[in-house]
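Quick notes on the structure that follows.
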Amino acid sequence: MNVCAVLPEVAPCDRATIIAKVKECPRLPSLRSIETALRELLHADHRFTTQISEVIRRDPSLTARLLRLVNSVYYGLNSPVNSIEEAVFYLGVRQIRQLAVVTPVIEDFHKLAGNSRFPWREFWQHCIATAILAREFTQAVNAREDESDYVAGLIHDVGKIVMASAFPNHFRAVYLDENPANSDLLERERTILGIDHTELGAIYLNQHNLPDVLVEVARFHHQPEKAVKAPELVAAVHLADMLARFARIGTSGNTAEVKDEAWLDTSAWKILHPNLSKTDQAIGQASLKRTLERLPHILEGLV
Ligand SMILES: [Fe+2]
Ligand SMILES: [Fe+2]
């Protein structure tokens with residue numbers, strides 16, 4: 001069935017329109033609870049950069065905007081900044097305050113289609129859960145000094161926030177109108193809007209000077225075998241996203257069920273651990289399941 005046939009008010013956009021609209025939406029909205037926490041902290045008499053980083057690391061939109069700002073201001077740095085704490089340190093409180101005062105709140109953003117119906121808080125939980133799990137996956141292979149694994153997990157689905165901001169009617173048609181059970185979400189996005197959230201997210205992050213590895217994670221987190229710059233990172237985020245959806249921690253907006261065998265058998269395991277024995281894989285998966293049991297409690301206190 002042609003989905004657009006029953007949704008006459010939205011038609012797919014061409015590439016030039018999509019790129020122009022993404023350019024117009026530099027300020028991605030944040031969750032109210034986080035925007036308030038950040039504002040209060042910035043006005044407190046005493047605060048530390050670590051406290052500011054702790055608030056920002058719960059919000060994919062603020063994180064993307066923060067990294068955009070630091071990588072635009074410090075364009076000449078040897079390597080682009082992909083750490084939240086480093087970005088806060090470089091920018092300082094005054095610039096973070098400017099970032100905070102122009103932060104739209106997602107629950108208030110009436111232009112966002114059906115804003116009260118999409119579970120934004122649960123979506124934020126999905127992003128944070130993916131970030132925590134992605135870090136767990138990469139730390140097991142190769143401990144990273146920076147936090148690009150956490151950041152990559154946090155902003156992997158930024159394309160959905162971009163879609164809600166720049167194309168609210170299309171977003172509603174994809175996520176809020178009747179959605180056939182177990183339909184392919186990416187296919188549905190492409191049919192209704194003309195682009196899916198992975199490509200949309202990659203265009204946004206690329207336009208805003210974010211590091212290439214983060215752009216690649218946004219682009220290929222559903223097809224990790226296509227990654228070339230950071231295959232391990234993309235594979236880790238792919239697994240983390242699947243695991244968060246499998247355990248139904250938060251919601252990604254994708255209602256299709258993830259079966260046990262789907263995340264146990266995905267090719268991403270081979271990218272991440274080419275020589276992993278079946279026994280080690282079973283031990284690793286048992287440890288992940290324990291993390292999954294703790295995650296909902298951790299997330300309750302964060303957003
Ligand atoms: Fe996704
Ligand atoms: Fe996701």
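Source: prediction; values computed, not measured. Note that ligands are numbered from 1 as they come in the structure, with each ligand's atoms numbered from 1 the same way.
For Asp157, the N/O/S atom at the shortest distance from the Fe ion (ligand 1) is named OD1. Residue Asp241 approaches the Fe ion (ligand 2) most closely through its N/O/S atom OD1.
Aromatic ring orientation, His208 versus Tyr204: tilted (interplanar angle from 30° to 60°).
Ring centers of His156 and His222: at least 6.0 Å apart, outside the cut-off. For Tyr175 and Trp120, the gap between ring centers reaches or exceeds 6.0 Å.
For a distance bound of 2.8 Å, the N, O or S atoms of His222 include one lying that close to the Fe ion (ligand 1).
Note: angle at the Fe ion (ligand 2), from NE2 of His126 to NE2 of His156, is 90° (rounded to 10 degrees).
Residues Phe89 and Ile52 fall into different hydrophobic clusters, defined by Ile, Leu, Val, Met, Phe, Trp and Tyr side chains chained together at heavy-atom separations under 4.5 Å.
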